[in-house]
Structure formats: structure tokens, C-alpha cells
Amino acid sequence: MSIYVGNLSFDVQQEDLKEVFAEYGVVSRISLPTDRETGRPRGFGFVDMASSQEEAKAIEGLDGAEWMGRTLRVNEAKPR
DNA sequence: GTTGAGCGTT
């Protein structure tokens, strides 16, 4: 299970995401995909937590929250 | 600016 985090600021780094999600549990994996053609950040990311309970809490606590001047969109990620 | 690849044998 993993979390989709959308509407991110383009200058957010993996460490920043980890910091925020660590508030809700153990972050086991972070992914911030960049546009393969342009190398630019795509403005969204993926976070995996150690447990689905922690993920649920993170989604609950962070979806719709304002961060880095943008309103976060957080929910369960679709399968790649 | 809203759902991740990548040339290998997980």
C-alpha cells in the first residue's frame, strides 16, 4: 500500500515529504517522480508508510492541508 | 502544474 501526494510545490524535496509524513508514522519509502522528458518535477509524489494504519492517519491528517503554499491532495495511490 | 518505468531476469 502506498500514498499518492499531489498538488505539491515543485521545490519540495524527498526529505521534506518524509519529515511531514513522519509525524504520522514510520516512512518506509518516498518517490518524487520527475518528468522523464524534461527532468522537471511533476508536482506529485508517493509515500509508503510502515503500516496501513499509519498511512490512513497520514491521509486523514494531510489531505487538504496547506503546505509550502499549496493545498495538499493526499490519498491512496493507484497501482503503477 | 493531480497517480512513479526503464534495457533488466524483481
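So that the names make sense, note that chain A is the first sequence line, chain B the second, and so on, each numbered from 1.
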Can you check the [X] [atom1] to [N] [atom2] distance for me, whole Å?
{"X": "N75(A)", "N": "dG4(B)", "atom1": "CG", "atom2": "P", "answer": "13 Å"}
{"X": "F10(A)", "N": "dT2(B)", "atom1": "CZ", "atom2": "P", "answer": "8 Å"}
{"X": "K78(A)", "N": "dT3(B)", "atom1": "NZ", "atom2": "P", "answer": "7 Å"}

Could you give the distance separating [M] and [N] at their [atom1] atoms, to the nearest angstrom?
{"N": "dT3(B)", "M": "dC7(B)", "atom1": "C1'", "answer": "24 Å"}
{"N": "dG6(B)", "M": "dT10(B)", "atom1": "C1'", "answer": "13 Å"}
{"N": "dG4(B)", "M": "dG8(B)", "atom1": "P", "answer": "23 Å"}

State plainly whether one hydrophobic cluster holds both [X] and [Y], where clusters connect Ile, Leu, Val, Met, Phe, Trp and Tyr through side-chain heavy atoms under 4.5 angstrom apart.
{"X": "V5(A)", "Y": "F46(A)", "result": "no"}
{"X": "I30(A)", "Y": "Y4(A)", "result": "no"}
{"X": "F44(A)", "Y": "F21(A)", "result": "no"}
{"X": "L17(A)", "Y": "V26(A)", "result": "no"}
{"X": "V74(A)", "Y": "F10(A)", "result": "no"}

Problem set entry | Residue mapping more 5' on DNA chain B - nearest nucleotide basis, I3(A) or R40(A) |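 Looking at DNA chain B, the more 5' nearest nucleotide goes with R40(A).
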
Problem set entry | Positive for side chain to side chain contact (heavy atoms under 4.5 Å, CB included) with M49(A), one of E55(A), M1(A), R29(A) |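 Result for side chain to side chain contact (heavy atoms under 4.5 Å, CB included) with M49(A): E55(A).
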
For this session: For A50(A) and S28(A), work out which heavy atoms get closest and say how close.
Result: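 Minimum heavy-atom separation between A50(A) and S28(A): N-OG, 4.1 Å.
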
Problem set entry | Heavy atoms of other groups near E60(A) CD, more than 12 under 6.0 Å |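 Result for CD/E60(A): open.
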
Enumerate all atom pairs, one protein N or O and one N or O from nucleotides 8-10 of chain B, separated by less than 3.5 Å.
none

For this session: Would you classify F44(A) as touching base, sugar-phosphate or nothing, given that sugar-phosphate means primed atoms plus P, OP1 and OP2, and contacts are heavy atoms under 4.0 Å?
Result: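 Contact class for F44(A): sugar-phosphate only.
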
Exercise. Just checking L8(A): base, sugar-phosphate only, or nothing, at a heavy-atom cut-off of under 4.0 Å?
Worked result: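 If one applies the 4.0 Å heavy-atom cut-off, L8(A) turns out to touch a base.
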
Would you tabulate the pairs of protein nitrogen or oxygen atoms and nucleotide nitrogen or oxygen atoms of nucleotides 5-7 of chain B closer than 3.5 angstrom?
from: dG6(B); atom 1: N7; to: R36(A); atom 2: NH1; distance (Å): 3.1

Problem set entry | Qualifying salt bridge (Lys or Arg N to Asp or Glu O under 4.0 Å) pairs with a residue from residues 8-26 of chain A, counting only residues at least two apart or across chains |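 Not a single pair qualifies under salt bridge (Lys or Arg N to Asp or Glu O under 4.0 Å).
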
